[in-house]
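Just the heavy atoms: all of them, side chains too, but no hydrogens, waters or symmetry mates, feed the values below.
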Amino acid sequence: SGNGIATFVLYSSQQALISSAQIVGTQYLTSSISPNSLSVGNNNISANFGMITGLNPSSTYTIRLTLSTGQTVDVNVIYRP
């Protein structure tokens, strides 16, 4: 959204911590993620990227989550300012 907060649902088959989130193809990177722990099943996640400029409304972006296990997970989101 225009306030820089991305919200999404992520299914996880294991417990893990989310170390960081990055909007792929941009300089936006954050560790301000709530909750930063994944439980087994669906997880409602918010990542706060702060003030965002230069993204195209209604466009799809990929958020890459880095987990404490070293794995990465890509989530597609639509930017709605």
Side-chain angles (χ1 to χ4, degrees):
S1 67
N3 60 6
I5 298 174
T7 57
F8 49 91
V9 176
L10 179 64
Y11 177 82
S12 181
S13 59
Q14 62 183 1
Q15 292 184 328
L17 294 176
I18 304 172
S19 304
S20 65
Q22 179 179 15
I23 302 175
V24 175
T26 75
Q27 75 276 22
Y28 296 111
L29 175 71
T30 187
S31 58
S32 179
I33 301 160
S34 179
N36 69 341
S37 58
L38 294 175
S39 302
V40 174
N42 287 327
N43 297 266
N44 293 301
I45 306 293
S46 294
N48 187 346
F49 291 95
M51 290 299 297
I52 287 182
T53 58
L55 299 187
N56 297 316
S58 300
S59 292
T60 300
Y61 291 90
T62 300
I63 295 178
R64 181 162 293 152
L65 304 174
T66 301
L67 306 182
S68 55
T69 59
Q71 294 172 293
T72 58
V73 178
D74 287 353
V75 179
N76 291 325
V77 296
I78 296 173
Y79 179 56
R80 294 194 176 101

Working to the nearest 0.5 Å, report the span between [atom1] of [X] and [atom2] of [Y].
| X | Y | atom1 | atom2 | result |
| --- | --- | --- | --- | --- |
| Ile18 | Ser68 | CD1 | OG | 9.0 Å |
| Ser20 | Ile63 | OG | CD1 | 11.5 Å |
| Tyr61 | Thr26 | OH | OG1 | 8.5 Å |
| Thr69 | Gln15 | OG1 | CD | 12.5 Å |
| Gln71 | Thr66 | CD | OG1 | 10.5 Å |
| Leu38 | Ser13 | CG | OG | 10.0 Å |

[X] versus [Y], closest heavy-atom pair with distance:
| X | Y | result |
| --- | --- | --- |
| Ser12 | Ser39 | CB-O, 3.6 Å |
| Ala6 | Phe49 | CB-CE1, 4.1 Å |
| Ser37 | Leu17 | CB-CD2, 3.6 Å |
| Ala16 | Leu67 | CB-CD1, 4.4 Å |

Decide side-chain contact (heavy atoms from CB on, under 4.5 Å) for Tyr79 and Ile23; before the verdict, give the C-alpha distance in whole Å, the side-chain angles of both, and the deciding distance to 0.1 Å. CA-CA 11 Å; Tyr79 179 56; Ile23 302 175; over 6 Å; no
Can you check whether Ile45 reaches Ile33 side chain to side chain, under 4.5 Å on heavy atoms?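 Touching, per the 4.5 Å side-chain cut-off.
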Kindly indicate, with the supporting measurements, whether the criterion side-chain contact (heavy atoms from CB on, under 4.5 Å) is fulfilled by Tyr28 and Thr53. CA-CA 10 Å; Tyr28 296 111; Thr53 58; 3.5 Å; yes
Is the backbone N or O of Gly41 less than 3.5 Å from a side-chain atom of Asn43, with the two atoms forming a donor-acceptor pair by type?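 Confirmed, Asn43 side chain pairs with Gly41 backbone.
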